[in-house]
There are 2 protein chains.
Amino acid sequence: MAPMPTQRPYHHGDLRATLLKSAEHTLRTRGAAALSLRELAREAGVSHAAPGRHFKDKQALLDALALAGYERLAQTLETADEPGLALEQRLAGLARAYIGFAVDNAALLELMFARKHDPDVSEQLAAAVDRSVGSFTRLIADAQERGEIVAGDPERITLVAAAGMHGLAAFIANGTFPVEEALAGLDEHVHLVLHGLRPR
Amino acid sequence: MAPMPTQRPYHHGDLRATLLKSAEHTLRTRGAAALSLRELAREAGVSHAAPGRHFKDKQALLDALALAGYERLAQTLETADEPGLALEQRLAGLARAYIGFAVDNAALLELMFARKHDPDVSEQLAAAVDRSVGSFTRLIADAQERGEIVAGDPERITLVAAAGMHGLAAFIANGTFPVEEALAGLDEHVHLVLHGLRPR
DNA sequence: ACCTGAACACCGTTCAAGT
DNA sequence: ACCTGAACACCGTTCAAGT
């Protein structure tokens, strides 16, 4: 006789992925403060000590979430980027994608930008950040070649562009600035970043 | 006979302020995750339930810390602002003050920008944010009057300037961008925000 | 290799009772 | 008005033991 399929086997089989999925859901619906390993274990129908086999501690799970977040963000930006567009439209597209991600994943973004990751994963994390910033870097480099962006250290120029987007995303994510207003004015924001605050 | 002065009286006398001071210290030295009401009570030499008289829950203490942080930030910016300077130097001064605050108070800034404050205090918090942003707003308004800043909604232009600074501060605070490099290139960053990324 | 169950040392919050 | 002490319902983490 085969064992009853309705009853959970002793080994879960895919606990790590299940925990991460469940954690993402909790993060989205109830915020990072509501994340508890014991609760995730309960939801997975597993003992409270089982998560310890897959994540050495709670921070390891948070790091894994952050890493997955960067992967998703990087892919979102890469998909959104249209290299054929004129500079301003291209940057606006990236900005819209980034702000959209920030709005849809506010709690995750906060976790991604928390400064308390294990040193072991911080290089993995740095690589993931680089991939996310990469879309901006490419845009700047392309435009610089065409003379559409000021000469100078491309890393610094990318930083200015990315900081402008990230600062806006942070203001939106924490409610300092209303979402709709920010989205409605995004093209103007991008225009001001490209053309500067001084009159021409 | 008077009671022994070496022994703590039943009433602490200034528990609320003591808890806040102790919390600020823990925040600075060990980060937000290490904050515990019970530990703060222990350090104050008081029972673990005593903090409950002064803060209805832990979030209330975090909110009080955030509020005090904004007060300090606002004052730092107001002190740093020199309205007599030329626009670019004036903005650079504000930027240096803000980034300096971010570097010296990374954990506090993270707490200040967390999006989970009680609705009761969120209007107080909004007022404190406005006061902090106020220095940037005044600078923009002054410069607009002199025609040194593009015409248009001053709130939006302030947002672009403040987002540029805050994004940089966030990158520094979480280690994405090294502190010294950011400080060394701050004048150039400000220049790029004012003059734009497009060639003139 | 993966999971359980018990144990340990913590939490935040509440509430009657003390001063 | 302010604080204590006990109680309650949670945590994260560890570790022998089970499958």
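As the structure is a prediction and not an experimental result, all values here were calculated from the model. Every chain is numbered from 1, with letters handed out A, B, ... down the list of sequences.
- Each of B/L67, B/L35, B/D57 was checked for a side chain to side chain contact (heavy atoms under 4.5 Å, CB included) with B/L62, and the lone residue meeting it is B/L35.
- Note: CZ (B/F55) to C1' (D/dC2) measures 14 Å, nearest angstrom.
- Distance A/L37 CG to D/dT13 C1': 9 Å, rounded to the nearest Å.
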**Asked** Reading DNA chain C 5' to 3', what string of ( ), [ ], | and . shows its pairs, if Watson-Crick and G-U wobble pairs count only when both distances fall under 3.5 Å?
**Response** ||.|||||...|||||.||

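- Here the closest non-hydrogen pair linking A/S47 and A/A41 is O-CB, 3.4 Å.
- In this entry the distance linking CG of A/L19 with C1' of D/dG12 reads 14 Å, nearest Å.
- One can place CG of B/L62 at 10 Å from P of C/dT13, the figure rounded to the nearest angstrom.
- Nucleic acid contact for B/R42: sugar-phosphate only, since backbone atoms but no base atoms lie under 4.0 Å from a heavy atom of the residue.
- Phosphate proximity of D/dC10 to A/S36: absent, as no side-chain N or O sits under 4.0 Å from OP1 or OP2.
- A single hydrophobic cluster is seen to contain both B/L15 and B/F55, as judged by linkage of ILVMFWY side chains at heavy-atom distances under 4.5 Å, directly or through other members.
- To the nearest angstrom, P of D/dG12 lies 5 Å from NZ of A/K58.
- A donor-acceptor contact shorter than 3.5 Å is absent between the side chain of A/D81 and the backbone of A/L77.
- Nucleotide D/dC11 holds its P atom 18 Å from the CD atom of A/Q59, rounded to whole Å.
- Taking the nucleotide of DNA chain C with the nearest heavy atom to each of A/S47 and A/R38, the more 5' of the two is matched to A/S47.
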**Request:** Go along nucleotides 14-19 of chain D 5' to 3' and tag each nucleotide: B for a protein heavy atom under 4.0 Å from its base, S when only backbone or sugar atoms are that close, - otherwise.
**Result:** BB--BB

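- B/S22 places no side-chain N or O within 3.5 Å of a backbone atom of B/T18 that could act as its donor or acceptor partner.
- Taking CG of A/L91 as the start and OH of A/Y98 as the end, the distance is 13.0 Å to the nearest 0.5 Å.
- A straight line from NE2 of A/H54 to C1' of C/dA1 spans 9 Å, rounded to a whole angstrom.
- When atom types are taken as modelled, the side chain of B/R131 and the backbone of B/L73 share no donor-acceptor pair closer than 3.5 angstrom.
- Within a 6.0 Å sphere centred on CD of B/Q75, other residues, nucleotides and ligands contribute 12 heavy atoms or fewer.
- Between the CZ atom in B/R53 and the CZ atom in B/R16 there is a gap of 14.5 Å [rounded to 0.5 Å].
- Spacing between atom CG of A/D14 and atom C1' of C/dC2 amounts to 13 Å, rounded to whole angstrom units.
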